[in-house]
S.K.: 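Encoded as structure tokens, here's the structure I'll be asking about.
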2 protein chains.
Amino acid sequence: MALENLSKDLGRVSTDTMADIVELRLREYFKKKSFKPGDPLPKEMELVAALGVSRNVVREALSRLRMLGMIETRKKRGMLLARPDVLGTFERVLDPLIIDDSTLQDLFELRLVLEMGLADLLFLRKTDKDILQLEKIARDEGHEGEKKFRVKNEIAFHGKLYEMTGNNTLKRFQVMLLPVFGYVTTMEKEEYKIGKVNHVDLVEILKTGTKEDFKAGMYEHLKPHFDSLANK
Amino acid sequence: MALENLSKDLGRVSTDTMADIVELRLREYFKKKSFKPGDPLPKEMELVAALGVSRNVVREALSRLRMLGMIETRKKRGMLLARPDVLGTFERVLDPLIIDDSTLQDLFELRLVLEMGLADLLFLRKTDKDILQLEKIARDEGHEGEKKFRVKNEIAFHGKLYEMTGNNTLKRFQVMLLPVFGYVTTMEKEEYKIGKVNHVDLVEILKTGTKEDFKAGMYEHLKPHFDSLANK
DNA sequence: TAAAGTTATTATGTAGTACATATTATTAAC
DNA sequence: GTTAATAATATGTACTACATAATAACTTTA
């Protein structure tokens, strides 16, 4: 009999540590009791007694939840349920040097998807003031030719687009993905190519064109990236 | 003098615990030494000695990194740097009941952005087989009228679209956002409205239309949601 | 000599004790 | 009745001890 089958028949013995289990139990407990942010939580020693494990284990589990921002602790007052920063935790593991190539590629594509999907929010919320600022960024890039500056400007321009959606989470998400994007583009040997439509053109479309024009323009702007996807 | 200014002038005393500091130090250390997944890490006791803190503190910090999947531990062999699952950590804090309304709204919009931006990847990677499966899902929804089923089918259809992009991270991301989407839509009193373009129409466009047709169709399909954004 | 079995070593996992510290509650002093 | 001193409490940190699993080192045996 193949070893795999045996393993399947017997069922794998869990290698979870006590801390893993307690972490899970606490999560379930909070949800089950439908605690809300600000609600006081049981004391460490109460958890120790209820769960039948050492304080050490409980503290390791709590330490994890505290890192995620799910709980806060005030000396003497005890612990409170808190509001985790959904993106903050994401940021912690978003290191291009650790992420595998396949996921990096996925994130790169994700950025393209976001960029292409921005248009609708953009046209819903753009203001004249925003467009003026965007225009300034786009014009500035003409002056200096240094590569480092060009990259910085590229980031400023696209970052401003995200900002203009008025969606703070989206904007932060973009900032987080920047290192990934930078990493993937430098991996590809090809030079920092720009499509037929440049930043100044995009601003112009934003000012006088339609949403559809902008989408088409953005695609042309990103076309070198899409082309490289097609050739895989 | 206002208290805020005083606080600014003096500089706030950090309330970080030792575990917080050690966690940060370890992160920096891994990065500085450019460890790669699979590389062995120092033993707990070595870290204790090097950092000058108790084993307890070190273990709390390590416990956090282990939760994120950044490190793995094998008894006796010690610890290894591992590849964290970038989305896994995200999932841990994505509970609609805890997230504040503003962020929920942001995530709802993020989903719309993704959906609108899918088209380019979709047209790059769609296969006839995919379209057949999608068509089957779209046709199935006509038969049963129960609301629960309709929602389930809605999820299946849009989920299939993400799947067709061939981007696994994107697909998983969508699955994670589903509870948020469900939560926000049920909060809005309005009935589960569907735009002028339905799923069958979208499949038809995917089969015979252009990318631009599809984008326009998707917008019409999601229009009720965009309209509700505009009225805020 | 090589395979097999036994023992020792090592690093993590868990338990428990002790004390520091900050914050609240209580009591004492004026 | 307000302020000052004191006690109580919950978390933070340190330290010791031992269990356990995985490996290494060693011994035995065919």
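A, B, ... follow the sequence lines: proteins, then strands. Residue 1 opens every chain.
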S.K.: Are A:D106 and A:T103 linked by a side-chain donor-acceptor pair shorter than 3.5 Å?
M.R.: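 There is no such pair between these side chains.
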S.K.: Are OP1 or OP2 of C:dG13 and a side-chain N or O of B:T73 less than 4.0 angstrom apart?
M.R.: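 For C:dG13, OP1 or OP2 has a side-chain N or O of B:T73 closer than 4.0 Å.
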S.K.: Quickly work out the B:E60 CD to D:dT13 P distance and round it to whole Å.
M.R.: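 Spelled out: CD on B:E60 to P on D:dT13 is 7 Å.
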S.K.: Between A:R74 (CZ) and C:dT24 (C1'), how many Å, whole number?
M.R.: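 Between C1' of C:dT24 and CZ of A:R74: 14 Å.
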S.K.: Taking atom types as modelled and ignoring hydrogens, do the side chains of A:T165 and A:R125 form a donor-acceptor contact shorter than 3.5 angstrom?
M.R.: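 There is no such pair between these side chains.
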S.K.: Between A:F181 and A:H158, does the ring-ring contact (aromatic ring centres under 6.0 Å, His included) criterion hold? Intermediate values first, please.
M.R.: CA-CA 12 Å; A:F181 197 63; A:H158 287 267; 7.9 Å; no
S.K.: Taking only side-chain nitrogens and oxygens of A:R59, does any of them come within less than 4.0 Å of OP1 or OP2 of D:dT11?
M.R.: no
S.K.: Determine: side-chain N/O of A:S54 to OP1/OP2 of C:dA15, distance under 4.0 Å, yes or no.
M.R.: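 A:S54 to C:dA15 OP1/OP2: side-chain N or O found under 4.0 Å.
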S.K.: Whole angstroms only, please: what is the CD-C1' distance between B:E72 and C:dT12?
M.R.: 14 Å
S.K.: Counting heavy atoms from C-beta on, name the nucleotide in D:dT13, C:dT14, C:dT24 closest to the side chain of A:R77.
M.R.: C:dT24
S.K.: In whole angstroms, how far is the P atom of D:dT16 from the CG atom of A:N56?
M.R.: 15 Å
S.K.: Can you tell me if the side-chain N/O atoms of B:R66 get under 4.0 Å from OP1 or OP2 in C:dG13?
M.R.: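 The answer is yes; a side-chain N or O of B:R66 sits under 4.0 Å from OP1 or OP2.
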S.K.: How many Å lie between NZ on A:K75 and P on C:dC19, as a whole number?
M.R.: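 To the nearest whole Å, that distance equals 17 Å.
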S.K.: Should the pair A:E23-A:R27 be classified as a salt bridge under the 4.0 Å nitrogen-to-oxygen rule?
M.R.: yes
S.K.: Nearest-Å distance, NZ (A:K43) to P (D:dT11)?
M.R.: 6 Å
S.K.: C:dA20 P sits how many Å from B:M18 CE, rounded?
M.R.: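 Rounding to the nearest Å, CE of B:M18 and P of C:dA20 are 15 Å apart.
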S.K.: Going through the checks in order, is the side chain to side chain contact (heavy atoms under 4.5 Å, CB included) test met by A:L114 and A:F173?
M.R.: CA-CA 10 Å; A:L114 287 176; A:F173 197 51; 3.7 Å; yes
S.K.: Specify the residue among B:E44 and A:V53 whose closest nucleotide of DNA chain C lies further upstream toward the 5′ end.
M.R.: B:E44
S.K.: To the nearest angstrom, how far is A:I71 atom CD1 from D:dG12 atom C1'?
M.R.: 14 Å
